[in-house]
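Just so we're clear, the structure is a prediction, and the values are computed from it rather than from any experiment.
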Amino acid sequence: MPTLPSERSPASVPEPHRHRQVAESFGSDAERYDRARPRYPAAMVDAILAAGPGPEVLDVGIGTGIAARQFRAAGCTVLGVEPDARMAGFARRDGLDVEVATFEAWDPAGRTFDQVIAGQAWHWVDPIAGAAKAARVLRPGGRLAVFWNAMDPPPALGEAFAAVYRQVMPDSPVYQRMIAAVTAAGSAAEGYSAMCAKAAEGMRQAGDAFGDPEQWRFDWEWSYTRDEWLDQVPTTGLHTRLPPDTLARLLEGIGAAIDAAGGGFTMKCATLVCIAARTHAP
């Protein structure tokens with residue numbers, strides 16, 4: 001479990017938590033989201049649970065319940081908070097308890113937890129207000145653990161994907177933001193490392209409630225067929241609000257690029273974690 005350097009400044013990371021329309025767009029196809037989105041390494045779940053004092057978990061931005069089901073399978077009791085009622089409804093179908101609200105506005109009603117987690121969701125939460133809220137609902141020694149999966153295709157295929165976006169939507173702000181982010185970060189993992197740094201800074205500013213945050217990294221690989229990757233593409237924030245004809249042309253071009261590469265590829269993946277212990281009452 002390599003520890004990431006923490007010196008990267010979060011100041012240049014944008015503030016997606018202010019873009020509520022995007023944050024609450026993923027439920028437009030909750031079944032696809034749950035089917036296509038990757039899971040998290042079992043080693044990460046084990047490490048987070050080993051660091052905390054107990055099995056009662058609050059999952060912030062539970063979505064369809066991908067991370068929650070993994071923590072439940074490891075023996076935890078999980079309560080979810082989710083701003084999108086469609087995603088919450090899907091998670092409930094699998095027996096998860098979910099309350100619909102943004103985390104900042106959610107009422108804990110006196111409840112406390114051993115762990116507060118957020119998988120692929122903390123960037124939709126105000127990093128300082130969210131950390132302060134987490135501190136209020138964590139028991140002494142409890143952990144706030146936020147994590148993201150970052151994925152990079154083989155370089156040649158990544159260039160082919162970029163060419164498709166450039167052809168289909170060259171003047172789109174979505175494309176311009178994507179290219180700017182990739183250029184600045186150098187890789188998806190570097191981009192999410194900046195998100196981890198921003199989360200860590202929020203924890204540090206949450207009223208001295210947390211110890212020094214740690215950043216962990218878990219590297220892994222996942223193989224995708226053409227159809228599996230095309231199933232996932234529409235679930236990301238860059239694509240959930242695209243016009244249907246634009247999305248269809250993108251998927252056609254991306255599919256052709258994968259076909260030209262042999263019909264499948266192996267994604268380099270890294271799961272990045274920022275975790276801190278609640279040490280003082282907020």
Side-chain angles (χ1 to χ4, degrees), residues 1-13 15-17 40-63 67-68 70-71 74 76-81 102-104 106 108 111-150 189-219 270-282:
M1 182 175 62
T3 299
L4 297 173
S6 58
E7 56 271 1
R8 174 189 271 276
S9 170
S12 62
V13 180
E15 298 184 327
H17 66 273
Y40 300 97
M44 181 208 75
V45 175
D46 292 343
I48 291 173
L49 293 180
E56 294 189 25
V57 173
L58 177 68
D59 188 347
V60 176
I62 191 174
Q70 292 185 248
F71 278 82
C76 296
T77 301
V78 182
L79 172 67
V81 178
T102 64
F103 184 51
E104 295 92 332
W106 172 69
R111 291 167 291 183
T112 58
F113 303 87
D114 299 307
Q115 316 266 4
V116 174
I117 65 168
Q120 220 76 18
W122 196 250
H123 52 290
W124 301 119
V125 176
D126 182 289
I128 300 174
K133 183 74 165 278
R136 289 196 293 273
V137 301
L138 278 168
R139 295 166 185 150
R143 260 58 174 183
L144 171 58
V146 302
F147 44 90
W148 293 268
N149 282 330
E190 284 297 312
Y192 281 108
S193 179
M195 284 190 182
C196 274
K198 193 171 185 70
E201 187 62 25
M203 295 173 193
R204 293 187 186 99
Q205 294 184 37
D208 197 33
F210 291 100
D212 193 37
E214 297 179 21
Q215 295 183 48
W216 302 341
R217 174 171 175 152
F218 299 82
D219 290 301
T271 300
L272 308 179
V273 183
C274 181
I275 184 168
R278 189 261 203 184
T279 55
H280 303 286

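Here the side chains of W124 and T102 are not in contact, with every heavy-atom distance at 4.5 Å or above. Side-chain contact check for D114 versus P55: some heavy-atom pair is nearer than 4.5 Å. Between Q215 and V273, the closest side-chain pair of non-hydrogen atoms is not below 4.5 Å.
Shown here for A131 and G202, the closest heavy-atom pair between the two residues is CB-O, 3.7 Å. In plain terms, the two heavy atoms of A132 and A206 that are nearest each other are N-CB, 3.7 Å. Closest approach of S193 to L272, counting heavy atoms only: N-CD1, 3.4 Å. Residues Y40 and G119 share a closest heavy-atom pair of OH-C, 3.4 Å. Across all their heavy atoms, C274 and C196 have their closest contact at SG-O, 3.8 Å. Of all heavy-atom pairs between A121 and V60, the closest is CB-O, 3.7 Å.
Checked options Q205, M203, K198; the residue passing with E201 is Q205 (criterion: side-chain contact (heavy atoms from CB on, under 4.5 Å)).
With no hydrogens or angles considered, no side-chain donor-acceptor pair links W106 and E104 at under 3.5 Å.
For residues 48-62, the salt bridge (charged side-chain N to carboxylate O under 4.0 Å, His left out) pairs, not counting sequence neighbours, are E56-R139.
In this pair, W148 and H123 present their aromatic rings tilted. The plane angle is within the 30 to 60° band.
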Report the C-alpha separation of W122 and M195 in whole Å, then their side-chain angles, then the decisive distance to 0.1 Å, and conclude whether the side chain to side chain contact (heavy atoms under 4.5 Å, CB included) test is met. CA-CA 9 Å; W122 196 250; M195 284 190 182; over 6 Å; no

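Applying the side chain to side chain contact (heavy atoms under 4.5 Å, CB included) test to P140 and every residue at least two apart in sequence or in another chain returns R278. Legend: residues meeting salt bridge (Lys or Arg N to Asp or Glu O under 4.0 Å) with D212, ordered by chain and number and at least two apart, are R204.
F218 contributes atom CZ, which lies 6.0 Å from atom CH2 of W216 (distance to the nearest 0.5 angstrom). Taken to the nearest 0.5 Å, the OH atom of Y192 stands 8.5 Å off from the CG atom of N149. Considering CG of L58 and SG of C76, their distance stands at 12.0 Å, rounded to 0.5 Å.
Checking side-chain atoms of K133 against main-chain N and O of F103 turns up a donor-acceptor pair under 3.5 Å. Q115 places no side-chain N or O within 3.5 Å of a backbone atom of L144 that could act as its donor or acceptor partner. A donor-acceptor pair is defined here as one N or O able to donate and one able to accept, closer than 3.5 Å; such a pair exists between the side chain of R143 and the backbone of A51.
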